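Structure first, then comments.
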Amino acid sequence: MLTPEAPRGCPLCPRLVAYRMENRAAHPDWWNDPAPSFGDPNARLLVAGLAPGRMGANRTGRPFTGDHAGWLLYDTLKKTGFARGDYDARPDDGLELVDCMITNAVRCAPPGNKPTPAEEATCRPFLVDRLAALPRLQVIVTLGDVSRRNVLKTLGLPGTAIPPGHSVEGQAGPYRLINSYHCSRLNTNTGRLTAEMFEDIFRRAKAMLT
Ligand code: URA
């Protein structure tokens, strides 16, 4: 039996559980649990993020939903045909992913958006099963370096098998992997990642699908 999603109340990482409890005490109306992957169970494209943002997926329960990064990600997925409907930063906005699923390397929000290597390793079995549970998966877009490393390790490869950097591409086991800079507020506000650069990643991913 595959376990592609961490259960609600997942107890595996003490520091992340403590952070969840803090957030739950301050905001009992938030999701405050591992954020499940979102999208098409028959997807050929998987987008792998880092971890839920405290005010994003940790609040709303859907990856990238409600934080700054979600606006560019969902807009780009719509432009490139991987999403339809309107994104409105709420899990009930009706947005649908098309041939695409979004997941995170670490499923619980980490303090300061920084999971520890031990937390990445503890959460990795869910990512292993997430990949295994996508029967048509062909291409993985990794958002940022933590995601790139974790996807490679998930496939039993060294974290260096495909080097870091925007737009770097390579073969990762049976999948094609394209790495992008993360669509974080920091990267977009500083111009390190532009909307055009990001769109180009997804156009290339689409062109690779067979
Ligand atoms: N929200 C997510 O769900 N993942 C990220 O990597 C960043 C924000």
Side-chain angles (χ1 to χ4, degrees), residues 4-8 10 13 16 19-20 23 27 30-40 43 45-78 82-83 87-93 95-97 100-117 119-124 126-127 130-131 134 140-154 159 164-166 177-190 192-193 195 197-198 201-202 205:
E5 302 304 328
R8 288 201 81 158
C10 183
C13 300
L16 301 187
Y19 192 52
R20 181 196 302 157
N23 283 315
H27 302 282
W30 288 5
W31 175 260
N32 294 316
D33 255 323
S37 311
F38 166 53
D40 180 353
L45 173 70
L46 181 68
V47 180
L50 161 60
R54 175 176 174 269
M55 307 265 298
N58 176 67
R59 177 172 59 85
T60 63
R62 194 176 74 177
F64 289 90
T65 298
D67 59 14
H68 181 84
W71 290 101
L72 180 59
L73 176 60
Y74 286 117
D75 188 48
T76 305
L77 291 177
K78 273 184 68 170
F82 287 115
Y87 171 69
D88 194 24
R90 293 179 289 112
D92 61 352
D93 55 15
L95 184 83
E96 265 181 273
L97 298 192
C100 174
M101 182 174 272
I102 303 177
T103 195
N104 279 307
V106 171
R107 307 301 176 85
C108 287
N113 287 328
K114 282 197 175 38
T116 65
E119 289 159 355
E120 292 170 25
T122 300
C123 208
R124 200 167 297 134
F126 298 116
L127 192 56
R130 180 67 278 162
L131 267 55
L134 288 171
I140 304 175
V141 170
T142 51
L143 301 181
D145 210 42
V146 174
S147 167
R148 179 195 59 80
R149 258 192 299 108
N150 275 284
V151 167
L152 290 171
K153 289 185 179 180
T154 287
H166 183 75
L177 185 153
I178 316 178
N179 187 51
S180 168
Y181 289 150
H182 194 283
C183 47
S184 65
R185 186 193 295 270
L186 181 68
N187 282 343
T188 53
N189 281 358
T190 56
R192 188 167 191 247
L193 179 71
M197 286 163 73
F198 203 46
I201 296 281
F202 287 92

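Only a predicted model underlies this, so the values are computations on that prediction, with no experimental measurement involved. Counting convention: from 1, in listed order, for ligands and their atoms alike.
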Residues passing the salt bridge (Lys or Arg N to Asp or Glu O under 4.0 Å) test with Asp33, sequence neighbours excluded, are Arg8, Arg20, Arg24

Going by heavy atoms in the side chains, are Asp75 and Tyr87 under 4.5 Å from each other?
-> no

For Glu5, salt bridge (Lys or Arg N to Asp or Glu O under 4.0 Å) partners two or more places apart | Arg107, Arg130

Taking atom types as modelled, find out whether Thr103 and Ser37 have a side-chain donor-acceptor pair closer than 3.5 angstrom.
-> yes

Ligand 1: which residues have a non-hydrogen atom closer than 4.0 Å?
-> Gly49, Leu50, Ala51, Pro52, Gly53, Ala57, Pro63, Phe64, Asp67, Asn104, His182

How would you list, by chain and number, every residue that makes a salt bridge (Lys or Arg N to Asp or Glu O under 4.0 Å) with Arg54, sequence neighbours excluded?
-> none

Is Glu120 salt-bridged to Arg149, going by a charged N under 4.0 Å from an acidic O?
-> yes

